[in-house]
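Read through the structure below, which is laid out as structure tokens, and then see the notes.
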Amino acid sequence: MAKAPVLTPQGTDFPRWYQDVLAKAELADNGPVRGTMVIRPYGYGLWERMVAEVDARIKDAGAENAYFPLFIPESYLTREAEHVEGFSPELAVVTHAGGKELEEPIVVRPTSETVIGEFMAKWIQSHRDLPLLLNQWANVVRWELRTRLFLRTSEFLWQEGHTAHATEVDAAAYARQIHLNVYQDFMENVLAMPVFIGRKTKQERFAGAVNTLACEAIMRDGKALQMATSHELGQNFAKAFDITYQGVDGTQQMAWTTSWGSSTRMVGGLIMCHGDDNGLRVPPRLASTQVVVMVIRDDEGVVDAATALAAELKAAGVRVRLDARTDTSFGRRATDWELKGVPVRVEVGPRDLANGEVTVVRRDTSEKQQTTVARLASTVPALLEDIQASMLAEATAFRDAHTVEVATVDEARDAAQTGFAKIAWSTLGTDGEAMLARDAITVRCIQRPDGTIPETEDEPGNIAIVARSY
RNA sequence: CGGGGUGUGGCUCAGCUUGGCAGAGCGCUGCGUUCGGGACGCAGAGGUCGUGGGUUCAAAUCCCGCCACCCCGACCA
């Protein structure tokens with residue numbers, strides 16, 4: 001029964017494979033307006049779990065959620081020179097409303113530094129008001145020239161944090177704390193995606209920032225994806241929006257601000273980091289459905305047994321779903337769950353049941369094993385953790401196998417055809433960066449030899465990680 | 001914006017060169033047999049062929065205009 005593959009194999013055409021997964025796993029559709037995205041329930045479920053995990057970490061870091069308007073006066077954007085220069089080409093601007101042309105055009109937020117800056121200025125009077133730690137979950141609009149579902153859409157969902165601090169040191173420390181304790185921790189421990197962390201070069205920096213930190217992950221086609229960024233904004237926005245406070249000594253001081261964000265792009269990263277030729281693979285800690293209990297056929301007692309097992313698993317703290325759709329063939333349903341990447345399938349059929357057993361299949365390795373009905377619920381939680389760990393290990397091994405240390409710009413160019421290249425920043429420099437840019441290769445981040453974030457770009461020994469990217 | 005391409009049932013596309021009853025696969029509906037890896041048989045539903053004009057006895061097909069989308073490049077979470 002050699003059927004045509006459900007998906008275009010990754011090795012045949014990776015972008016096509018990605019499109020196929022989005023469609024077949026029912027993750028997203030193109031919206032009616034160019035570059036927009038409809039996120040389907042299963043895809044949105046992945047995002048909701050990301051939101052829950054990231055939000056909890058943000059709160060642990062002391063920030064509070066708030067909400068600022070979608071519409072921003074155009075004049076706000078122009079107050080910070082680099083910011084307006086960076087964003088104006090991709091702004092969506094409202095010029096008419098209520099049947100009339102507006103006196104001042106309204107910008108649909110591409111990011112909220114400006115409005116939030118305006119209100120920070122209002123709310124901050126004293127050093128006692130600092131630090132002010134805000135976050136918002138919102139949609140933003142950036143009129144990108146080329147779009148791809150989840151990776152780059154005209155409108156996307158994200159979280160944007162904005163903070164104000166009394167000192168530069170405090171601001172820098174907070175941006176770093178978010179980067180490590182929220183982003184890196186979430187990506188490695190929940191998404192099972194290893195990330196390189198480091199500083200962006202001046203070329204790659206956020207418009208208006210004095211320092212940008214990034215998390216860079218490798219996709220299965222060897223290209224890099226920026227998964228999140230944290231920015232030190234220095235006093236650029238504080239000056240533009242007059243965010244000042246009275247210090248302990250009674251003098252007026254200018255605040256130091258940060259901003260940091262992660263978006264629905266992470267869903268795309270998850271797909272391209274873990275997906276294989278059979279579909280998506282969702283790490284258990286993220287999965288909204290960790291285990292699906294499948295009724296193979298509606299024979300005597302099978303549905304009852306499966307229902308009882310699902311209830312037992314739920315009681316054991318497992319996010320479980322029962323699939324008793326016996327009007328659809330077993331093969332079809334098994335394929336569908338595989339496409340959706342549910343970490344574990346428990347197959348309940350009369351044959352196994354006669355021996356008091358069920359079949360447990362793990363999605364990451366396709367490995368099947370028999371387990372007794374009695375032991376299932378007690379063994380699944382450990383199995384899920386095992387899958388989580390081996391997915392991170394596999395992704396890390398893949399990244400390391402596709403990361404090479406090189407000594408020259410030419411070698412870096414070659415290596416970037418298949419993955420990441422590490423090259424001494426002192427060797428590459430801005431000249432080398434410009435040379436690589438001609439071949440669409442960019443510096444993803446600069447880090448210390450031990451993989452940590454350097455204090456400055458020019459620390460001796462700094463390594464540049466270069467790659468092609470999304 | 002520069003270069004290339006495509007618009008035909010829900011999806012992927014064939015048909016266009018050489019005008020002559022609008023097709024295939026998948027999906028969908030019903031019935032039956034199935035059900036341990038995308039089941040099978042039979043019977044069905046579903047399309048103003050992107051759009052406006054022109055040529056013609058006759059246009060998906062030829063001609064002209066317009067629109068949309070896709071791919072490659074410059075921009076980006």
Side-chain angles (χ1 to χ4, degrees), chain A residues 1-8 13 15-16 19-20 22-24 29-35 85-91 109-112 138-148 150-161 183 200 203-207 209 212 214-217 224-231 259-269 278-279 294-299 302 323-339 345-355 357-359 361 366 368 370 437-440 442 469-470:
Chain A
M1 297 288 279
K3 289 275 180 186
V6 179
L7 304 170
T8 303
D13 184 345
R16 185 69 183 263
Q19 300 288 0
D20 284 355
L22 294 177
K24 296 283 176 66
D29 262 333
N30 281 299
V33 171
R34 192 198 73 96
E85 193 186 327
F87 281 104
S88 48
E90 51 188 75
L91 293 179
R109 66 179 162 219
T111 178
S112 303
N139 58 339
V140 287
V141 169
R142 298 182 186 179
W143 219 255
E144 302 288 355
L145 299 177
R146 291 195 57 203
T147 57
R148 276 188 101 178
F150 286 116
L151 300 176
R152 182 173 300 103
T153 46
S154 304
E155 177 193 5
F156 57 93
L157 306 183
W158 76 343
Q159 136 302 292
E160 51 177 322
Y183 298 142
K200 285 291 186 185
Q203 185 66 35
E204 299 285 323
R205 211 178 269 165
F206 176 75
T212 290
C215 291
E216 296 284 333
L225 183 71
Q226 179 175 302
M227 293 282 287
T229 47
S230 307
H231 315 290
S259 70
W260 25 279
S262 60
S263 71
T264 36
R265 170 180 278 185
M266 291 192 292
V267 177
N278 294 319
M294 296 184 65
V295 174
I296 290 176
R297 50 188 299 178
D298 190 4
D299 270 19
V302 177
D323 178 1
R325 298 132 64 209
T326 47
D327 57 350
T328 300
S329 75
F330 169 76
R332 163 58 58 115
R333 290 182 289 137
T335 305
D336 282 350
W337 291 120
E338 216 158 58
L339 278 165
R345 290 201 310 280
V346 175
E347 302 177 353
V348 184
R351 209 145 74 206
D352 288 343
L353 223 44
N355 303 322
E357 292 181 333
V358 292
T359 301
V361 190
S366 299
K368 291 189 180 188
Q370 308 298 119
R438 282 186 223 122
D439 293 299
T442 49
S469 74
Y470 277 96

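To find a chain, count down the sequence lines: A is the first, B the second, and so on, and within it residues start at 1.
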With [atom1] as the reference atom in both, quote the distance from [N] to [M] in angstrom, rounded to an integer.
{"N": "rA74(B)", "M": "rU29(B)", "atom1": "P", "value": "46 Å"}
{"N": "rA68(B)", "M": "rG23(B)", "atom1": "P", "value": "32 Å"}
{"N": "rG27(B)", "M": "rC70(B)", "atom1": "P", "value": "27 Å"}
{"N": "rC67(B)", "M": "rG25(B)", "atom1": "C1'", "value": "30 Å"}
{"N": "rC71(B)", "M": "rG37(B)", "atom1": "C1'", "value": "36 Å"}
{"N": "rA45(B)", "M": "rG30(B)", "atom1": "C1'", "value": "10 Å"}
{"N": "rU17(B)", "M": "rC75(B)", "atom1": "C1'", "value": "41 Å"}

For the pair [X] (side chain) and [Y] (backbone), establish whether a donor and an acceptor sit closer than 3.5 Å, ignoring hydrogens and angles.
{"X": "Q159(A)", "Y": "S262(A)", "result": "yes"}
{"X": "Y183(A)", "Y": "G261(A)", "result": "yes"}
{"X": "R142(A)", "Y": "E90(A)", "result": "no"}

Taking atom [atom2] of [N] as reference, at what distance in whole Å does atom [atom1] of [X] sit?
{"X": "D336(A)", "N": "rA39(B)", "atom1": "CG", "atom2": "C1'", "answer": "14 Å"}
{"X": "D323(A)", "N": "rG37(B)", "atom1": "CG", "atom2": "C1'", "answer": "14 Å"}
{"X": "R351(A)", "N": "rG37(B)", "atom1": "CZ", "atom2": "C1'", "answer": "12 Å"}

For nucleotides 33-35 of chain B, list the nitrogen or oxygen atoms of the protein found under 3.5 Å from its nitrogen or oxygen atoms, one pair per line.
unit_1, atom_1, unit_2, atom_2, d
rC35(B), O2', I296(A), O, 3.2

Inset, instruction - May I ask you to decide whether R351(A) forms a salt bridge with E357(A), counting only side-chain N to carboxylate O separations under 4.0 Å? - result: no
Inset, instruction - Specify the closest pair of heavy atoms between S469(A) and T442(A), including all atoms of both residues, with the distance to one decimal. - result: OG-OG1, 4.0 Å
Legend entry - Dot-bracket encoding per residue of RNA chain B, Watson-Crick/G-U cut-off under 3.5 Å, | denoting interstrand: (((((((..((((......[..)))).((((((.....)))))).....(((((..]....))))))))))))....
Legend entry - Comparing S366(A) and G35(A) on RNA chain B - which has the more 5′ nearest nucleotide: S366(A)
Legend entry - Euclidean distance, F156(A) CZ relative to S263(A) OG, rounded to 0.5 Å: 5.5 Å
Legend entry - Nearest-0.5 Å distance, CH2 of residue W158(A) to OG of residue S112(A): 7.0 Å
Inset, instruction - Check whether the side chain of D352(A) and the base of rG36(B) form a donor-acceptor pair under 3.5 Å. - result: yes
Inset, instruction - Using only heavy-atom distances, decide whether a donor-acceptor pair under 3.5 angstrom links the side-chain of K368(A) to the base of rG36(B). - result: no
Inset, instruction - Encode nucleotides 3-14 of chain B as B, S and - characters from 5' to 3', where the letter depends on protein heavy atoms closer than 4.0 Å: B to the base, S only to sugar-phosphate, - to neither. - result: ------------
Inset, instruction - Using a 4.0 Å heavy-atom cut-off across all strands, classify R148(A) as base, sugar-phosphate, or nothing. - result: nothing
Inset, instruction - Remember a base hit wins even if backbone is also touched, and classify T111(A) as base, sugar-phosphate or nothing at under 4.0 Å, heavy atoms. - result: nothing
Inset, instruction - Step through it carefully: locate the ring centre of F87(A), locate the ring centre of F206(A), and say whether they are under 6.0 Å apart. - result: yes
List the residues meeting salt bridge (charged side-chain N to carboxylate O under 4.0 Å, His left out) with [X], not counting sequence neighbours, and say none if there are none.
{"X": "D13(A)", "result": "none"}
{"X": "R152(A)", "result": "none"}
{"X": "E204(A)", "result": "none"}
{"X": "D298(A)", "result": "none"}

Inset, instruction - Could you tell me which residues satisfy side chain to side chain donor-acceptor pair (under 3.5 Å) with E155(A), sequence neighbours excluded, listed by chain and number? - result: N139(A)
Inset, instruction - Check side chain to side chain donor-acceptor pair (under 3.5 Å) between Q370(A) and all other residues, then give those that pass, not counting sequence neighbours. - result: D352(A), T359(A)
Legend entry - By side chain to side chain contact (heavy atoms under 4.5 Å, CB included) - contacts of T328(A) (at least two apart): R332(A), R333(A)
Inset, instruction - Consider only side-chain N and O atoms of S259(A) and H231(A), and report whether a donor and an acceptor are under 3.5 Å apart. - result: no
Legend entry - Pair K200(A)-E216(A), salt bridge (Lys or Arg N to Asp or Glu O under 4.0 Å): steps then yes or no: CA-CA 10 Å; K200(A) 285 291 186 185; E216(A) 296 284 333; 2.8 Å; yes
Just the atom pairs and distances: protein N or O near nucleotides 26-28 of chain B's N or O, under 3.5 Å.
unit_1, atom_1, unit_2, atom_2, d
rG27(B), OP1, R332(A), NH2, 3.4

Can you name the atoms? Protein N/O to nucleotides 74-77 of chain B N/O, anything below 3.5 Å, with the distance.
unit_1, atom_1, unit_2, atom_2, d
rC75(B), O2, E144(A), OE1, 3.4
rC76(B), O2', E144(A), OE2, 2.9
rC76(B), O2, R152(A), NE, 2.1
rC76(B), O2, R152(A), NH2, 2.6
rC76(B), N3, R152(A), NE, 3.2
rC76(B), N3, R152(A), NH2, 2.6
rA77(B), O3', Q226(A), NE2, 2.2
rA77(B), O2', R265(A), NE, 3.2
rA77(B), O2', R265(A), NH1, 2.4
rA77(B), N6, T153(A), N, 2.9
rA77(B), N6, T153(A), O, 2.8
rA77(B), N3, S263(A), OG, 3.0

